[in-house]
Amino acid sequence: MKKQLGTAAIAALVVAGAALPAHAVTYGTPTITLSSSYLSGAVGGVGDQTVAVTIGQSGADVSALTVSASASGKSSVAGAGDVTVTGSGAVRRLAVTARGRGYTDLTVKVTGLGGKTATKTLSYAASAAVGDPADARYFSGASDSSAAVDVGGGYTVVADDENNVLRLYDRARSAAPVRTWDFSSQLGVTKEVDIEGATRIGDTVYWTGSLGNNKDGEYKAPRNTVFTTTVSGSGPGTQLAYGRSYKQLRDDLVAWDKGNGNRYGFAAGTAAGEAPKQIDGFNVEGLEFAPGSTTTAYLGFRAPLAPAVPGGKALLVPVTNFDKVLSSGSKAVFGPGIELDLGGLSVRDIRKNAADQYLILAGSWAADDNSDPYALYQWDGIAGHAPVKRADLPTTDPGGWEAIVDVPDLTVPGARVQLITDSGSADLYGDGVEAKDLTHPEWKKTRAAWFTLN
C-alpha cells in the first residue's frame, strides 16, 4: 500500500523549492569596433575629428557599459586622460585633445558587466598648433588640395593635384570627405591630371590641369586636360556626373603665343627638360570666367611672370570660347593677355562672386614657396584696371595657400573668406615624412582657414 503525503509535507516541499537559488545570468565578452583605427588632430585644435566606438555585450543592457582610454604609448602627444567619450548607447563618440606634436597609440577599452572587458588600439597623430586655431578646420583623406568649388549648403568639392579624386567636405567641420568621385576612367587616364583650377557656371563645374610639364621637366599627357562635371543637389546630398574633356589646350596656348612673337615664352616653358615652376616656366593654377560672361574664361598662370624677371606681373590669358572648347571640342580662341601687378607674385587661384567681385590668391611661382609671401587682391575683372591688396596671408604654419572656396560681398566690412592649403610637402607630425607620403589617408590632411578682409 502506497504511502500518501500529508498536506503539511506537501507544503514543506513547496517552500523548500522556492528557497532554491535562481539560475545565474551569464554575460558574454564585450565587443568593440572603431569607425577608424587612425585619427588625426592638432594641438589647440577646435572641433577636431572624432571616432565612433560601437560596443555591445550579450546579456547586458548597452547603457551599462563604459568606454574609456586605458593607456597611451606616448602621453606627451595625448594621454589616456586626454580622451573624452560621449553618449550612452551602442555608438559612442571618442575625441582626443592633443598635448604635443607626434604619434601615439591609445588603448580604447569597453568595460561590461561581470567585470569583462575588450580593447582596441587607436593610432593617433597630432600636428602642431597653428595661428588662429578657432578659424581652422582640417579636411582629411588627402593633403595636396589644389582647387575648390562651393556647392551650397555649407559644403565644398575639393580637388587634389596628386590624384584625380574629387572630395566633398563640410566647410564647418574637421572631417573626412562625405563622398568622393574619381573620373579617371571617363577621362581615359591612369595618372594624375594635376588639377589646379576650377570654377562653376550654373550646374557645370570646369576643372583644369596645370597644363605644364611635371617637376622633372617631362611632358605627361594627362596634365594637358580640362574637363567638366555636372552638379546636382547641394550640401551633403551633392552629386557629380562626368561631362566632357578637352586635351589640347596647352597646344593651343603655345601656338597662340608663337603667333604673337613668343611674348610669354610658352614654347620655351613647355620644352622637354623645363620644370614648370620657374619664373619663365609654364604652369596654370587659376580658372574663372570674365565679368558677366559664360563664354570667356581667364586662365591664371603661376608661371611665367610677364616679363619673366623678379617683380614681373602676373599673367591671365582669356579663352574667349571656353564653353565651346568643352562642349564641342572647338579649338581654343584667345584674347590679349592681361598683366596684373601683384607685387611680383603670380596667380595661385582666382575666384569671383555673382556681383563680379574678384579675389586673386597671389603667391610665388617657385616650387619651394610655403614660406614665401602670399596675399589676397581684389579686382573688378577688367583688363587695364589695377587689383588692390586686401590682405597679407600668414606663412608660418605648414602648407601653401592654394584655393579660394568662394568670394563674399567685398563691400561689407569684415567680410570673411575661406582658403585651403596644399600641405603635401609639409612635415605635419615632426617625423620628417611629407604629408603626401604618409601611410594612412586618415593622417593626410589639408587646412581650411577663415580670414577677415580689412
Side chain of [X], backbone of [Y]: donor and acceptor closer than 3.5 Å?
X      : Y      : value
Asn353 : Ala355 : yes
Asp161 : Asp194 : no
Trp379 : His385 : yes
Thr156 : Val149 : yes
Thr238 : Gly235 : yes
Ser75  : Ser72  : no
Asn262 : Ala267 : no
Asp280 : Pro304 : no
Asp356 : Gly292 : yes
Thr320 : Val333 : yes

Taking every non-hydrogen atom, the tightest pair across [X] and [Y]:
X      : Y      : value
Val108 : Ile32  : O-CD1, 3.7 Å
Tyr155 : Asp150 : O-OD1, 3.2 Å
Phe227 : Thr225 : CD2-CG2, 4.2 Å
Asp422 : Glu402 : N-CB, 3.8 Å
Gly100 : Ala126 : O-CB, 3.3 Å
Asp251 : Lys247 : OD1-O, 4.1 Å

Hey, are the side chains of [X] and [Y] touching, using non-hydrogen atoms and a 4.5 Å cut-off?
X      : Y      : answer
Val205 : Val157 : no
Leu361 : Leu376 : yes
Lys109 : Val67  : no
Val254 : Lys258 : yes
Ile350 : Tyr358 : yes
Phe451 : Asp135 : no
Leu299 : Leu249 : yes
Tyr242 : Thr230 : no

How long is the straight-line distance from [atom2] of [Y] back to [atom1] of [X], given to the nearest 0.5 Å?
X      : Y      : atom1 : atom2 : answer
Arg223 : Ile195 : CZ    : CD1   : 11.5 Å
Trp365 : Leu345 : CH2   : CG    : 11.5 Å
Leu315 : Ile338 : CG    : CD1   : 9.0 Å
Ser36  : Leu94  : OG    : CG    : 11.5 Å

Between [X] and [Y], is any side-chain donor less than 3.5 angstrom from a side-chain acceptor?
X      : Y      : value
Thr229 : Trp207 : yes
Thr421 : Thr446 : yes
Arg302 : Ser346 : no
Glu196 : Thr208 : no

Any chance the rings of Tyr298 and Phe289 have centres within less than 6.0 Å?
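For Tyr298 and Phe289, the ring centres are not under 6.0 Å apart.
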Going by the ring-ring contact (aromatic ring centres under 6.0 Å, His included) test, name the single residue among Tyr138, Tyr103, Tyr124 that passes it with Trp443.
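Output: one option passes, namely Tyr103.
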Can you classify the ring geometry of [X] versus [Y] as parallel (below 30°), tilted (30 to 60°) or perpendicular (above 60°)?
X      : Y      : result
His440 : Tyr38  : parallel
Phe301 : Phe282 : perpendicular
Tyr169 : Phe139 : parallel

Electrostatic pair [X]:[Y] at N-O distance under 4.0 angstrom:
X      : Y      : result
Lys313 : Glu339 : no
Lys331 : Asp252 : yes
Asp170 : Arg137 : no
Arg171 : Asp406 : yes

Side chain to side chain donor-acceptor pair (under 3.5 Å) assessment of Glu285 paired with Ser210
CA-CA 6 Å; Glu285 292 215 357; Ser210 66; over 6 Å; no
Test salt bridge (Lys or Arg N to Asp or Glu O under 4.0 Å) on Glu192 and Lys220 and set out the steps.
CA-CA 9 Å; Glu192 71 269 17; Lys220 298 294 182 182; over 6 Å; no
Yes or no on salt bridge (Lys or Arg N to Asp or Glu O under 4.0 Å) for Arg351 and Glu288, after CA distance, side-chain angles and deciding distance?
CA-CA 6 Å; Arg351 179 72 70 245; Glu288 184 55 278; 3.4 Å; yes
[X] atom [atom1], over 12 foreign heavy atoms within 6.0 Å:
X      : atom1 : answer
Asn454 : CG    : no
Asp380 : CG    : yes
Lys74  : NZ    : no
Arg390 : CZ    : yes

For Arg250, side-chain hydrogen bond (donor to acceptor under 3.5 Å, both in side chains) partners two or more places apart
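Result, side-chain hydrogen bond (donor to acceptor under 3.5 Å, both in side chains) vs Arg250: Asn213.
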Quickly, which of Val77, Leu39, Val51, Val96 forms a side-chain contact (heavy atoms from CB on, under 4.5 Å) with Leu106? Name it, please.
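Checked Val77, Leu39, Val51, Val96 against Leu106; only one passes side-chain contact (heavy atoms from CB on, under 4.5 Å): Val96.
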Between Asn164 and Ser184, is a side chain to side chain donor-acceptor pair (under 3.5 Å) present by the stated rule, with each step listed?
CA-CA 6 Å; Asn164 301 326; Ser184 294; 3.0 Å; yes
Set out, in order, the CA-CA distance, both residues' side-chain angles and the distance that settles side chain to side chain donor-acceptor pair (under 3.5 Å) for Tyr374 and Ser364, then state yes or no.
CA-CA 7 Å; Tyr374 285 86; Ser364 171; over 6 Å; no
If we check salt bridge (charged side-chain N to carboxylate O under 4.0 Å, His left out) with Asp144, which of these qualifies: Lys445, Lys444, Lys436?
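The salt bridge (charged side-chain N to carboxylate O under 4.0 Å, His left out) with Asp144 is passed solely by Lys436 among Lys445, Lys444, Lys436.
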